[in-house]
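Quick notes on the structure that follows.
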Amino acid sequence: MNQSEQWSLIYQQMQRQWLYKVALWVLGFPLHIIFFVLQIVNYLKNRAQPAVERLSQTEKEAIKQQLLEEERNKQRYFNQNINKEKTEKIVAQRLNNYIQTLITEDEDISKSVSLSDIYSQWVSTPIGFISSIMLALPMYLLMTIYRFPIIRYIAERLFLMVFVIFGVTWIVFTLLYFSPSDPAQNILGIQATPEQIDNFNVLHGLDDSYWVQLLRTIKGVVTFDLGFTYVGNELVIDALIRRFPITLQVTFFSLAISLVIAIPAGIYSAVKVNSLFDQFFMFIALIGLSIPTFWLGLIFILNFSIRNRWLPATFNPDNPWSLLMPAIVLGTSLAASVARMTRASTLEVIHEDYLLTARSKGMSNWRIIWRHIIPNALIPVITVIGLQFGGMLGGSAVTEQVFNINGVGSYIVEKQFVPDIPAVLGGVIYIAIIVSLVNLVVDLLYALIDPRIRTTLKN
């Protein structure tokens with residue numbers, strides 16, 4: 001199959017799905033217009049000068065002589081002796097039938113031609129290929145993405161993420177708009193005059209109608225410009241970007257601590273089910289799930305900062321040790337959840353028939369654990385890790401408040417009590433993007449670990 005046939009096949013496959021069909025027409029609109037113009041020009045040209053008229057007298061004589069020779073050869077083959085006058089009459093009839101065929105073909109010119117055939121013929125020529133690339137580069141980029149299943153899956157998820165973001169933006173904006181809380185009154189105070197409140201509303205566009213403010217907000221989402229905060233008059237995007245690295249550091253430290261402890265302990269508890277270690281560790285995990293993070297954080301500050309002065313009580317970007325206590329506090333609840341899920345998932349896998357077959361072949365227990373148990377038990381574990389990781393990246397407001405971490409979570413909580421509408425919208429959109437991206441990564445990890453999911457994804 002040559003290159004043009006491959007592109008034609010991809011185009012035909014995309015035409016069977018309405019979403020890709022619409023996308024192809026939109027992205028390839030200039031090229032489609034050119035093709036339709038060429039078809040119309042060719043149609044008008046053929047109508048203005050039918051195929052019969054395009055034949056010169058010499059060509060007609062040549063066709064007549066060819067038909068005459070064929071008729072004489074047929075008569076010789078069948079030993080027929082037909083006079084010249086009758087032979088010329090037969091030849092004239094065949095020539096007339098040939099001309100009628102040309103007329104019929106002219107009438108069929110207006111029949112529709114599939115665009116896939118047009119593409120196949122167009123891109124087979126160098127000029128057509130270069131012209132089509134220049135005119136419909138976005139369309140060919142979409143076809144290239146469709147050609148590779150993994151990339152197509154990622155692109156589809158990112159496309160759906162756009163609808164999630166706009167949906168979340170609309171819902172949150174509507175809730176804030178109809179909220180009984182008045183930003184102007186909360187910021188300016190109860191002593192503010194009606195003129196000051198009106199000036200505040202005009203300055204920030206709060207006097208506009210619901211639809212005007214909603215369209216302005218959606219425009220800000222598209223242009224990545226959510227405006228300035230009501231308090232502090234700082235750009236919302238800059239504020240979130242400045243706080244994101246801090247939240248990311250705490251999240252990664254917490255995740256690393258929890259995974260190093262939880263996954264090995266959960267697997268060992270499942271292998272040694274109902275043992276003393278299993279019962280003790282599950283008891284500790286239950287305590288870890290039950291302890292509130294703010295209480296655990298205060299206990300850590302009391303013991304390790306105030307009494308013993310081993311660690312700083314508040315976060316300091318210049319002191320890496322100040323991340324240790326927040327990471328442990330956040331990692332405790334995460335480790336408990338991951339450990340319990342790892343144990344439960346491993347117990348489901350450990351009694352499967354294929355493990356009995358592996359043992360019958362003489363494989364060691366540790367090899368069975370690494371080769372068969374762990375890969376098959378990790379799917380639900382990755383789900384829990386992804387949900388917890390996305391939530392922590394969205395900001396652990398309580399822990400950030402306890403340790404005075406200027407992260408995204410504490411920023412959103414602080415702004416929603418005003419309510420500082422641009423800041424709250426920016427924070428919610430940030431959380432929606434983070435959660436969507438984390439879910440996408442989790443689904444890709446599914447395919448990386450499980451060959452069955454990877455095969456389904458490719459198909």
Side-chain angles (χ1 to χ4, degrees), residues 1-44 108-170 218 221-224 386 432-433 435-459:
M1 183 180 296
N2 56 35
Q3 191 71 17
S4 61
E5 292 176 347
Q6 290 180 1
W7 286 113
S8 177
L9 179 60
I10 292 172
Y11 186 86
Q12 292 175 7
Q13 292 175 352
M14 297 176 71
Q15 285 288 323
R16 300 189 188 104
Q17 304 179 43
W18 70 270
L19 185 60
Y20 283 105
K21 186 175 182 179
V22 172
L24 285 174
W25 274 97
V26 172
L27 296 178
F29 185 74
L31 193 60
H32 293 153
I33 292 298
I34 289 179
F35 283 146
F36 283 124
V37 169
L38 290 176
Q39 283 183 296
I40 293 173
V41 170
N42 188 44
Y43 170 78
L44 294 177
D108 292 339
I109 288 177
S110 59
K111 291 185 178 180
S112 62
V113 180
S114 64
L115 283 176
S116 59
D117 294 335
I118 297 177
Y119 283 126
S120 179
Q121 298 175 3
W122 181 258
V123 301
S124 62
T125 61
I127 296 178
F129 181 78
I130 295 174
S131 301
S132 61
I133 290 294
M134 294 176 61
L135 293 172
L137 183 60
M139 185 186 66
Y140 281 110
L141 180 61
L142 178 64
M143 295 172 68
T144 303
I145 293 174
Y146 186 88
R147 188 175 183 178
F148 301 98
I150 301 297
I151 299 178
R152 180 171 76 237
Y153 176 77
I154 295 174
E156 290 175 352
R157 291 292 298 272
L158 293 176
F159 178 74
L160 293 176
M161 188 177 72
V162 175
F163 291 94
V164 172
I165 293 172
F166 283 110
V168 169
T169 302
W170 173 66
I218 293 176
V221 174
V222 173
T223 58
F224 299 98
I433 294 174
V435 172
S436 300
L437 291 177
V438 170
N439 287 336
L440 174 60
V441 173
V442 167
D443 290 342
L444 294 177
L445 287 177
Y446 289 163
L448 181 64
I449 294 173
D450 195 333
R452 295 168 298 182
I453 299 178
R454 185 163 58 248
T455 302
T456 304
L457 193 62
K458 290 181 178 179
N459 292 332

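For the single chain, residues carry numbers from 1 onward in sequence order.
With sequence neighbours left out, the side-chain hydrogen bond (donor to acceptor under 3.5 Å, both in side chains) criterion links Gln17 to Tyr146. Under the side chain to side chain contact (heavy atoms under 4.5 Å, CB included) criterion, Leu160 pairs with no residue, sequence neighbours left out. The ring-ring contact (aromatic ring centres under 6.0 Å, His included) test applied to Phe166 returns no partner, not counting sequence neighbours. Not counting sequence neighbours, the partners of Leu158 by the side chain to side chain contact (heavy atoms under 4.5 Å, CB included) test are Ile154, Met161, Leu437, Leu440.
Applying the salt bridge (Lys or Arg N to Asp or Glu O under 4.0 Å) test to every pair with at least one member in residues 159-169, sequence neighbours left out, gives no pairs at all. Listed by first and then second residue, the salt bridge (Lys or Arg N to Asp or Glu O under 4.0 Å) pairs that reach into residues 156-167 are Arg157-Asp443, sequence neighbours excluded.
Separating the NZ atom in Lys21 from the CE atom in Met14 is a distance of 12.5 Å, to the nearest 0.5 Å. In this structure, the separation between CG on Leu142 and CD1 on Ile10 is 10.5 Å, given to the nearest 0.5 Å. From Leu9, atom CG reaches atom CZ of Arg147 across 10.0 Å, with rounding to the nearest 0.5 Å.
Two residues are said to be in side-chain contact when any heavy atoms from C-beta on lie closer than 4.5 Å; Tyr20 and Met143 fail this criterion.
Counting all heavy atoms, side chain and backbone alike, Gly386 lies closest to Val438 at O-CG1, 3.2 Å.
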